[in-house]
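Worksheet for the structure shown next.
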Amino acid sequence: MMKLPCFHLSLEDDMDRFIRQYSLNGFGLEKQQKLASAKILVVGAGGLGCPALLYLAAAGIGHIGVADGDQVSLSNLNRQVIFGEQDLGKPKVEVVQSYFSKKYSDLQIEIYPFYLTQENSLDIISRYDVVIDGSDNFQTRYMVNDACYLLEKPLIMGSIFQNEGQVSVLNGKGKTSPNYRDIFPEPPEAHEVPNCSETGVLGVLPGIIGTFQAAEAIKLLAGFGQTLSGKLLVYDLLSQISNVFDVGINVASRALIPKSEKEFLEMDYSLSCGTVQEISWDNAVEMLTQQDNLLVDIREDHEQPKIKEIEHMKIPMAEVETKLDQFAQQDRILICCQSGIRSLKTAQKLSGLLIGKEFYSVKGGVNALPEKYLHND
Amino acid sequence: MKESIEVFVLSGGKSSRMGEDKGLLKINGLPMINYILDTVKQVGYSPQIIANDAEYLELGFPVLEDKIREMGPMGGLFTALSATQANHVMLLSCDTPNISRQTLTYLIAQSEAHKTNVCRHKGKIHPLIGIYPKTLLQIVANNLEMGRLKMQRLIQDSPHQFIDTDKIASDQEFYNINTKKDLLEMQLEKQTIKIMAFGVIAEKLGQAELKIEQPQNISELRETLLNTYPQLASLKFTIALNKQVVSEDKAIGPDDEVALLPPFSGG
């Protein structure tokens, strides 16, 4: 092995852990030092965060922050590879800290034992050079994206769905580079998110995607190779096929992004989950073309006009709660009344009684329904 | 040929085999006649339609009624020759939607003035892909009067040349739609594009890859998808065309590849 330039003896000692890395053709000591002086924030110490943390720490990132408000639970262990049975119930970030402090004495690690919010994220993110998004929900993803956009911090996005994963480097060169909203302008609505509950996943998938994120962070910080800035990688575990898409600036979606701290704080990132959404008749009719979706008219028998040509069930508002078994087969239940007020109340009530089903209230009620769907008895 | 030409597309014929006026029958959502009208336009001519149904007016081209009805192509030629301001007319039919620009350009380039010039493909003569001189008007009028309606006869009896297209055109171009079965086959032969679906979109479609007829642009693609797969209506997804995420409307070409990309939330 080539002798290293001996400009600082203690530095050389420090670097010994990384000799196999800086001896890599084209990488070198200079790039290694860039990693040592870098500060990375990992949002979420879950399926993506764990593998990313492992490789970032091993690669010699000098300074790592981890934010997560969750505790370790048994179902985490198939993919959140930093945690073991002895950690059940402990705050994730505390386990992360003690794990790495035993492993690498040269790593500085700060922990944030809470979730990022609109109130705390700008302050925390501003202390770092690069952010890794390993969160598991759209609220956090859009919020972290917008915060990183405002602060012009590169954001390494990773996400998974069933057997597929996405990776992109956002704000690679500040605001002139694409961000999450240039790819996906607006968050999906609550009903698009699969049941808002955890879905199944093979642990290796977030393992691969989180490791991709670590690789992108290392390349970006060291200036090594090409990053996924301006690209979206979509990986499929089942076929091992990766597709890389080019992403440009989306002028229309730039209008949706907050332009100042004040606008950021005023944004509504909440995605109503498990609660009731109001939908238009257009959407309602569209949804009713699918099986397992049901429209319930909760008006009293004497109320006019009646609905025609749209399949529906009639259960007066007062009786709905006694007839919950009627909804056993349905995933989505759309409630309508005369003007949309009773239906909203009823849908809210039902959503509290029947967990796992989605309830919608049709906006404007029968008053807003096109004439072709109406008739008088 | 440098002589002036006007282009007439025949659509007036009674279509006994289709049971209805066939020029307006739809191929992949567009009236059959649109395809040849488009091709004529692309070659630089403004076509006129010879038809006996007011509905053709909606296509935005001049429509001429047959002067003498139910006389087949000979009647159509008479109408065209009577109406034209030019020395020659190009006579085409609505039921050969596959004729290419190259073939029409070739026909025009190879044609000789004051002669009848008709395409011949693999030995078969196509009177309705031909250029006729205005000087034929009197002969055509006489033919109609005598009930002599065979185009081949008219061509043979006057100065003419056949323009062989074997080397420049595909057989498919001369494919003539006469029955509903022909029409259905034609629909299947139209260009398709490949769609790759990801994440929840693939789940809702029940497949990760599908082929659909080639839409004109991204907005038409979205519309077609939502009409065909209403289960996508409530989902947000980004579209990439040939591996590029598109943020505004873009034209889609044959054999293009489209990806439907929803965001993933999991971590």
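This one's a predicted model, so the numbers in the text were calculated from it and none came from an experiment. Residue numbers begin at 1 in each chain, while the letters A, B, ... track the order of the sequences.
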Tell me, side chain or backbone of [X] under 4.5 Å from chain B's heavy atoms, or both, or neither?
X	answer
A/Q166	both
A/E164	both
A/T289	side chain
A/Q80	neither
A/N137	backbone

Any chance [atom1] of [X] has more than 12 other-residue heavy atoms, nucleotides or ligands included, within less than 6.0 Å?
X	atom1	answer
B/F61	CZ	yes
B/I5	CD1	yes
B/E58	CD	no
A/K175	NZ	yes

Could you measure the distance from the [atom1] atom of [X] to the [atom2] atom of [Y]? Nearest 0.5 Å is fine.
X	Y	atom1	atom2	result
A/Q139	B/S265	CD	OG	9.0 Å
B/K236	A/F138	NZ	CZ	10.0 Å
B/Q231	A/M287	CD	CE	13.0 Å
B/F264	A/M157	CZ	CE	9.0 Å

Are [X] and [Y] packed together at the side-chain level, in the sense that at least one heavy-atom pair is separated by less than 4.5 angstrom?
X	Y	answer
A/Y180	B/P263	yes
A/P185	B/T238	yes
B/L261	A/F184	yes

Worksheet entry | Residues that A/D246 engages under side-chain hydrogen bond (donor to acceptor under 3.5 Å, both in side chains), provided they are two or more places apart |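 Result, side-chain hydrogen bond (donor to acceptor under 3.5 Å, both in side chains) vs A/D246: A/K231.
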
Worksheet item: So which of B/G266, B/A202, B/S247 has the largest heavy-atom pair count under 4.5 angstrom toward chain A?
Response: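 Answer, by heavy-atom pair count under 4.5 Å with chain A: B/G266.
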
Worksheet item: So which residues of residues 252-259 of chain B are in contact with chain A at a heavy-atom cut-off of under 4.5 Å?
Response: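 B/A259 fall under the 4.5 Å cut-off.
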
Item to complete: Could you tell me which non-hydrogen atom of A/F245 sits nearest to which non-hydrogen atom of B/V245, and how far apart they are?
Response: CB-CG2, 4.2 Å

Discussion item. Given B/K243, which partner from the list A/L232, A/V244, A/N243 fulfils the side chain to side chain contact (heavy atoms under 4.5 Å, CB included) test?
Written reply: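 Only one option passes, and that is A/N243.
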
